[in-house]
> 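Can you read through this structure? Questions will come right after.
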There are 4 protein chains.
Amino acid sequence: MQLLINPSDELPIYRQIMRQITEAIAGGRLKSGDKLTSHRELSEQLVIAPLTVKKAYDELEALGFIETQRGRGTFVCATLPQPNLEKQIGQIQAAARKLLSQAYLAGLGFPDVVKALEQADRELTEGPAAPQEKESV
Amino acid sequence: MQLLINPSDELPIYRQIMRQITEAIAGGRLKSGDKLTSHRELSEQLVIAPLTVKKAYDELEALGFIETQRGRGTFVCATLPQPNLEKQIGQIQAAARKLLSQAYLAGLGFPDVVKALEQADRELTEGPAAPQEKESV
Amino acid sequence: MQLLINPSDELPIYRQIMRQITEAIAGGRLKSGDKLTSHRELSEQLVIAPLTVKKAYDELEALGFIETQRGRGTFVCATLPQPNLEKQIGQIQAAARKLLSQAYLAGLGFPDVVKALEQADRELTEGPAAPQEKESV
Amino acid sequence: MQLLINPSDELPIYRQIMRQITEAIAGGRLKSGDKLTSHRELSEQLVIAPLTVKKAYDELEALGFIETQRGRGTFVCATLPQPNLEKQIGQIQAAARKLLSQAYLAGLGFPDVVKALEQADRELTEGPAAPQEKESV
DNA sequence: GTGGTCTAGACCACC
DNA sequence: GTGGTCTAGACCACG
């Protein structure tokens with residue numbers, strides 16, 4: 001797992017970590033049972049405080065994506081959470097609306113957004129080509 | 001303009017207001033020259049502190065979406081900001097990746113996401129059917 | 001809310017806080033909508049680090065017992081989590097088994113345990129009379 | 001003795017072993033003088049490190065439940081420890097309070113808890129029907 | 001004043 | 001080595 005974090009991003013570092021790991025799972029680059037880098041080692045790689053990585057791991061565990069075995073490490077769960085579909089769909093609708101309004105305000109059209117999605121699909125599968133971008137409205 | 005805010009949402013209230021107004025502009029429900037509800041009146045409608053609405057308006061003004069005319073009120077700008085396209089495209093890519101990973105983790109596929117986009121397009125045009133959803137990863 | 005913590009207890013401090021708050025909710029001493037002491041103020045009262053209280057609050061929020069509104073405070077949720085009954089029953093069975101085996105090993109009988117339960121019921125309703133006890137096997 | 005361990009349980013593995021053995025003693029399934037599986041053999045059965053089993057046995061020995069006879073094996077003590085009754089009663093009260101608050105939060109009532117106790121009594125006597133459950137608040 | 005985030009460093013329990 | 005917990009202090013965003 002190669003992660004990229006951007007300390008000056010508006011999104012908190014622990015969230016950047018969470019997002020990149022869930023994206024790796026969504027894209028199939030992390031599979032059930034895979035061992036994650038220990039939070040200490042990852043904190044050294046990323047040059048951030050161990051607690052920051054730990055917080056990301058803790059939240060991912062609470063969400064059911066990963067589980068820890070004391071003394072052994074942290075692993076991608078065998079059975080990923082099958083979240084409340086209704087809630088999820090609400091969130092997905094919200095994300096879709098945000099994406100679309102951003103695009104429209106930038107003068108882009110619906111087909112441009114679909115192209116962006118196709119690009120995103122490639123990135124999920126192959127790993128990000130570029131660093132995380134800043135959030136906006 | 002009917003706005004919906006959720007005080008326990010992770011997104012700050014002033015951001016919720018900003019987002020709903022920019023979405024209304026993107027969807028064509030608010031057009032150049034339209035007058036916005038005064039921040040005083042809006043704060044009463046939403047039962048929140050006037051300063052919170054004012055902050056949303058201030059930020060929207062700084063971004064070039066709206067402008068204040070002293071003694072007359074606040075209006076949607078005649079010429080909307082044409083933001084740095086590069087930056088915007090980066091953000092749109094990020095939003096697309098987030099949207100897609102959420103959907104994949106929920107077990108949905110690419111076509112489902114395109115359908116969600118089409119639904120979002122309708123909502124932008126006609127106004128939201130449902131309240132804003134909480135952010136997630 | 002008057003809380004009692006015991007730093008030399010085997011149970012982590014943040015767990016002691018969680019337990020006392022959930023017990024207060026279970027016993028009806030804290031009701032939906034009640035405002036909790038801010039995590040800073042509570043940390044002063046208990047003479048512990050603010051982060052320790054915050055961790056307890058964070059976990060309780062993740063479990064759905066309380067919710068926070070930025071800048072306003074933390075409140076008992078209007079609708080308490082109706083957790084997976086199956087899981088809960090499993091945990092309750094485990095707790096019952098633990099309780100009973102402890103009692104049997106101490107030479108007590110089933111009726112003694114029922115008496116202990118009745119005493120516990122009173123404590124839940126009226127607030128604890130004694131400090132938290134140490135966990136054992 | 002058939003033991004069940006769950007590496008991702010919050011309760012340390014050596015504690016899971018201790019608890020299951022003390023419960024077997026409390027339920028009468030293990031009696032004074034009975035020979036325990038050797039820690040070597042048990043570690044193979046459970047697919048865990050031998051040191052982990054040894055630690056459980058060591059602690060049980062320190063508590064006076066079992067005793068090692070060099071070259072012969074490990075046995076349940078002839079005279080079980082008669083622990084400090086006061087301390088025990090305090091712990092039992094705490095466990096009772098925890099059990100009850102869990103049940104109340106799950107919407108169960110006092111009689112349901114008594115039923116759970118009766119079920120627990122059967123399990124202690126006949127051996128567990130289900131795997132150990134995860135601890136919660 | 002409230003919560004949100006982060007740091008640097010420490011000690012312990014577990015495997 | 002791993003994760004679990006705690007401290008003391010800091011800065012920022014929000015209402």
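All values below were derived from every heavy atom in this structure, side-chain atoms included, with hydrogens, water molecules and symmetry-related copies excluded. Remember, it's a predicted structure, so these values are computed and weren't measured experimentally. Lettering of chains follows the sequences in order, A, B, ..., and the numbering in each one begins at 1.
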> Identify which nucleotide among dG3(F), dC6(E), dG3(E) has an atom closest to any side-chain atom of Leu51(C), counting heavy atoms from C-beta outward.
dC6(E)
> Base of dG3(E), side chain of Arg40(C) - is there a donor-acceptor contact under 3.5 Å?
yes
> Tell me: CG of Leu11(C) to P of dC12(E), nearest whole Å?
19 Å
> Using heavy-atom distances to pick each residue's nearest nucleotide on DNA chain F, tell me which of Pro50(C) and Pro12(B) is more 5'.
Pro50(C)
> Could you state the atom-to-atom distance from CG of Leu46(A) to P of dC6(E) in whole Å?
12 Å
> Quick test of your reading of the model: are Lys35(B) and Glu41(B) salt-bridged, counting only N-O distances below 4.0 Å?
no
> Thr68(A) side chain N/O closer than 4.0 Å to the phosphate oxygens (OP1, OP2) of dG4(F)?
yes
> For Ser38(A) and dT2(F), is the shortest distance between a side-chain N/O and OP1 or OP2 below 4.0 Å?
yes
> Using a 4.0 Å heavy-atom cut-off across all strands, classify Tyr14(A) as base, sugar-phosphate, or nothing.
sugar-phosphate
> Whole angstroms only, please: what is the CZ-C1' distance between Phe75(A) and dC15(E)?
12 Å
> Could you tell me the separation between the CD atom of Gln45(C) and the CG atom of Leu3(C), rounded to the nearest 0.5 Å?
7.5 Å
> Measure from NZ on Lys54(A) to P on dG9(E) and round the result to the nearest Å.
19 Å
> Could you identify the nucleotide paired to dG3(F), looking across every strand shown and requiring Watson-Crick or G-U wobble geometry with both distances under 3.5 Å?
dC12(E)
> Between dG1(F) atom P and His39(A) atom NE2, what is the distance in whole Å?
13 Å
> Output the single nucleotide from dT2(E), dC15(E), dC6(F) whose closest atom is nearest the side chain of Ile13(C).
dC6(F)
> Working to the nearest 0.5 angstrom, can you tell me the gap between Ile17(A) CD1 and Arg19(A) CZ?
13.0 Å
> How many whole angstroms separate atom CD1 of Ile17(B) from atom C1' of dC14(F)?
13 Å
> Return whichever of Thr52(A) or Lys55(D) has its heavy-atom-nearest nucleotide of DNA chain E closer to the 5' end.
Thr52(A)
> How close do Thr52(C) and Tyr14(C) get, heavy atom to heavy atom, and via which atoms?
O-CB, 3.6 Å
> In this structure, how many angstroms lie between the C1' atom of dA13(F) and the CG atom of Asp9(B), rounded?
15 Å
> Between Ala49(A) and Arg70(C), which residue's closest nucleotide on DNA chain E lies nearer the 5′ terminus?
Arg70(C)
> Is it the case that the side chain of Glu61(D) and the backbone of Thr68(D) share a donor-acceptor pair, with hydrogens and angles ignored and the cut-off at 3.5 Å?
yes
> Between Leu42(D) (CG) and dC15(E) (P), how many Å, whole number?
14 Å
